[in-house]
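Inspection log for the structure reproduced underneath, given as structure tokens.
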Amino acid sequence: MNNAIYRFQLPKNEPVKSYAPGTEERKLILEELERQKNMQVEIPLIIGGKEIKTGDLGDVVMPHDHQHKLGVYHKASEKEVQMAVDAAMAAKKEWGELPFEDRAAVMLKVGELIATKYRYVMNAATMLGQSKTPHQAEIESACEIVDFLRFNCAYASQIYADQPMQMTDHYNRVEYRPLEGFVFVVSPFNFTAIAGNLNAAPVLMGNTTVWKPATTSLLSSYYLMKIFQEAGVPDGVINFVPGQGRVLGGVCLTHPDLGGIHFTGSTGTFNHMWKTVGDNLKGYKSYPKLVGETGGKDFVVAHPSADALDVATGLVRGSFEYQGQKCSAASRAYVPESMWPEVKMHMKEMVGRIKMGDICDFTTFMGAVIDEPSFDNIKKHIDIAKESQDAEIAIGGVCDKSKGYFIEPTVIEAKDPKFITMEEELFGPVLTVYVYEDSKFDETLDLVDQTSPYALTGAVFSKDRYALKRASDKLRYAAGNFYYNDKPTGAVVGQQPFGGARGSGTNDKAGSYLNLVRWVNPRTIKEVFVSATDFPYPYMSEE
């Protein structure tokens, strides 16, 4: 028996490839894009290691060319969902009892396969299926997911090493057991890396999962599942179950063996799941762990001391990268009256140079929004701004879904700080700006804090250190990830653990030990060396 104690060192972040002209990575990704564009993939369910085809099919299309079909996927019925729960529970004991270093080895192999053999497969699938540019794909469907897998091993070893103090007459220790049931994983379309970590984090800690991937990111999710299998994740440890949320939720959320939920998606969906769990508490063997990262209405506040070009650049990148479809994307901004003309001028110039279109054209900065319902919702809100006396379109505003679901980078100038697009999450390339009086910076900070139910990310631009401190203090609970003089997007594993509170989730910080500790069920063990032989205590003795 190997009795070594394993302490994994914190790794370095996976280097980001540039895809610049003349590079080897540019050549390889173009080849892979061409290969995947010219094939159609049939995506089955994968339950207990077996591929299952139900015959109830849905299409996988490119958002920027919605007539181009990348494949079809099979949808689960309640029967298959129950099979997935059974497979997860059957695999639980053996996987949970496997030594941590063996589970870590499997996760590290997943990371290495993505970093090397399958880097361009994952990036191309993410680009085509989720309409990401090569840079946006590279930073997450390669680098971020690899970082999650590697850093998680180091954080997990820290958790396992955290033990109680020892005494001379007895021995104390803590056993970090997996949860007693299965973990229901619900992943979003916008980050392949999130889909990977939602499974990998609980699995590393000895749990098994039933995974509902987003139907609008199935190509990359399917390839990810195949990599998990190739790396040696045993059958039944991760069960890949595409299908409708109500079908999977109907089985998983009411099952007695539900041990936890690992979720990224809308606040409304997470609220519904939480309520369903609350309504079914009597039926569970133990209280399920609920971990969710949900919506955001992320802000940028410019102080009068800030540099206008810095603010404009932060707003353009923070609002329009990946079509604003990041949980952290800037969607409301507060700019002082004296600065707004210059900020708007710079933004107009930058947006005028943004090319939107096919992500296989590497001169593009933006692709399409993910699907027609998203397009229609964003367009509806832009139209409201066009028709309202309380707002006007300062930049962009054109929407066209004839070929792909394209929405121009749009800036709305709101006269009312509580205008609908200042409050509601749109999840698209729309930024609403409220122009405030220079002398009312502190009052504006109060407005920022009180306007939105969310608290995910936020940024403050200022050259005045006192102003930065006041903003940080007043906005202490307004954002779980807070940035000085930078856009509110782009959190890096190991550097800025990610998550927010209020209506933005449980703030369990993916990319840190804080998330991993939610997937264990600790047991304290005390061993007495010499047992007591009688019951009285010294205070009971006679004088």
Side-chain angles (χ1 to χ4, degrees), residues 267 294-308 310-312 314-315 318-319 324 327-344 347 381 384-385 388-392 394 411-426 430-489 491 496 498-507:
T267 302
T294 56
K297 191 66 183 173
D298 308 301
F299 60 83
V300 172
V301 182
H303 183 262
S305 68
D307 182 88
D310 292 351
V311 173
L315 289 173
S319 303
C327 310
S328 56
S331 60
R332 56 184 173 124
Y334 301 79
V335 181
E337 205 169 34
S338 62
M339 188 185 297
W340 175 233
E342 187 178 356
V343 169
K344 182 162 65 171
M347 291 187 72
H381 284 83
I384 289 171
S388 173
Q389 294 183 342
D390 292 326
E392 63 179 49
V411 178
I412 299 169
E413 187 175 345
K415 300 171 187 176
D416 177 1
K418 296 296 183 75
F419 187 67
I420 185 171
T421 60
M422 290 291 288
E423 294 186 325
E424 289 192 11
E425 182 184 38
L426 299 184
V430 179
L431 171 71
T432 305
V433 176
Y434 175 68
V435 180
Y436 71 90
E437 294 178 31
D438 287 44
S439 61
K440 294 186 176 180
F441 179 65
D442 284 24
E443 294 93 326
T444 300
L445 294 175
D446 291 332
L447 191 63
V448 173
D449 188 47
Q450 296 161 11
T451 294
S452 167
Y454 302 106
L456 189 54
T457 72
V460 175
F461 283 80
S462 177
K463 295 178 182 177
D464 182 335
R465 177 55 59 172
Y466 294 118
L468 290 172
K469 178 66 166 61
R470 291 205 310 279
S472 180
D473 289 347
K474 278 183 171 283
L475 300 174
R476 189 179 186 199
Y477 289 99
N481 283 58
F482 194 58
Y483 298 80
Y484 288 180
N485 296 310
D486 195 12
K487 60 186 175 64
T489 63
Q496 300 97 25
F498 190 77
R502 294 183 179 170
S504 292
T506 57
N507 202 17

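The shown structure was predicted, so the numbers you read here are calculated from the model rather than taken from an experiment.
The shortest distance between side-chain heavy atoms of Ile384 and Phe419 falls below 4.5 Å. Two residues are said to be in side-chain contact when any heavy atoms from C-beta on lie closer than 4.5 Å; Ile412 and Leu431 fail this criterion. Looking only at side-chain heavy atoms (C-beta outward), Tyr434 and Asp416 stay at 4.5 Å or farther from each other. Using a 4.5 Å cut-off on side-chain heavy atoms (C-beta onward), Arg470 and Phe441 make contact. Within the 4.5 Å cutoff, the side chain of Tyr436 has no heavy atoms near those of the Val335 side chain. Side-chain contact between Asp307 and Phe461 is absent, with no heavy-atom pair separated by less than 4.5 Å. The closest side-chain heavy-atom distance from Val301 to Leu445 is below 4.5 Å. Lys418 has its side chain within reach of Glu423: a pair of non-hydrogen atoms, C-beta onward, lies under 4.5 Å apart.
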- [ ] Go through the steps for Tyr454 and Thr267 under the test side chain to side chain contact (heavy atoms under 4.5 Å, CB included), then give the verdict.
- [x] CA-CA 9 Å; Tyr454 302 106; Thr267 302; 3.2 Å; yes
TODO: Carefully, step by step, assess Leu456 and Asn481 under the rule side chain to side chain contact (heavy atoms under 4.5 Å, CB included).
DONE: CA-CA 6 Å; Leu456 189 54; Asn481 283 58; 5.7 Å; no
- [ ] Take Thr421 and Leu426, measure what side chain to side chain contact (heavy atoms under 4.5 Å, CB included) needs, and give me the verdict at the end.
- [x] CA-CA 8 Å; Thr421 60; Leu426 299 184; 4.2 Å; yes
Task: Leu447 and Tyr334: CA distance, side-chain angles, deciding distance, side chain to side chain contact (heavy atoms under 4.5 Å, CB included) verdict - done: CA-CA 10 Å; Leu447 191 63; Tyr334 301 79; 4.1 Å; yes
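Residues forming a side chain to side chain donor-acceptor pair (under 3.5 Å) with Asp446 (at least two apart in sequence, or on another chain): Lys474. With sequence neighbours excluded, the residues forming a salt bridge (charged side-chain N to carboxylate O under 4.0 Å, His left out) with Lys440 are Glu437, listed by chain and number. Considering only residues two or more places apart in sequence or on other chains, Tyr484 meets the ring pair (Phe, Tyr, Trp, His ring centres under 6.0 Å) condition with Phe482.
Side-chain contact annotation: Ser328 with Thr489, donor-acceptor N/O pair under 3.5 Å absent. Ser305 and Ser462 share a side-chain donor-acceptor pair at under 3.5 Å.
Asp449 places no side-chain N or O within 3.5 Å of a backbone atom of Leu475 that could act as its donor or acceptor partner. The closest donor-acceptor contact from the side chain of Lys297 to the backbone of Glu424 lies under 3.5 Å. For the pair Ser331 (side chain) and Met422 (backbone), a donor-acceptor distance under 3.5 Å is absent. The closest donor-acceptor contact from the side chain of Asp390 to the backbone of Lys415 lies at 3.5 Å or more, if one exists at all.
Closest of all the heavy-atom pairs between Glu425 and Gly296 is OE2-N, 3.1 Å. When all heavy atoms are compared, the tightest approach of Asn507 to Gly499 is OD1-O, 2.8 Å. Thr451 approaches Pro417 most closely through the heavy-atom pair CG2-O, 4.0 Å. Nearest approach of Thr294 to Gly503, heavy atoms of both residues: OG1-O, 2.8 Å. Across all their heavy atoms, Ala308 and Met339 have their closest contact at CB-CG, 3.9 Å. For Ser504 against Gly295, the heavy-atom pair with the smallest separation is OG-O, 2.6 Å.
His381 contributes atom NE2, which lies 12.0 Å from atom OG of Ser388 (distance to the nearest 0.5 angstrom). We find the NE2-CG distance between His303 and Asn485 to be 11.5 Å, quoted to the nearest 0.5 Å.
Look at Asp310 and Lys463 and you find no salt bridge, because none of the NZ, NE, NH1 or NH2 atoms lies under 4.0 Å from a carboxylate O. For the pair Arg332 and Asp298, the salt-bridge criterion is not met [side-chain N within less than 4.0 Å of a carboxylate O].
With a 6.0 Å radius and a threshold of 12 heavy atoms from other residues, nucleotides or ligands, Glu443 has its CD atom above the threshold.
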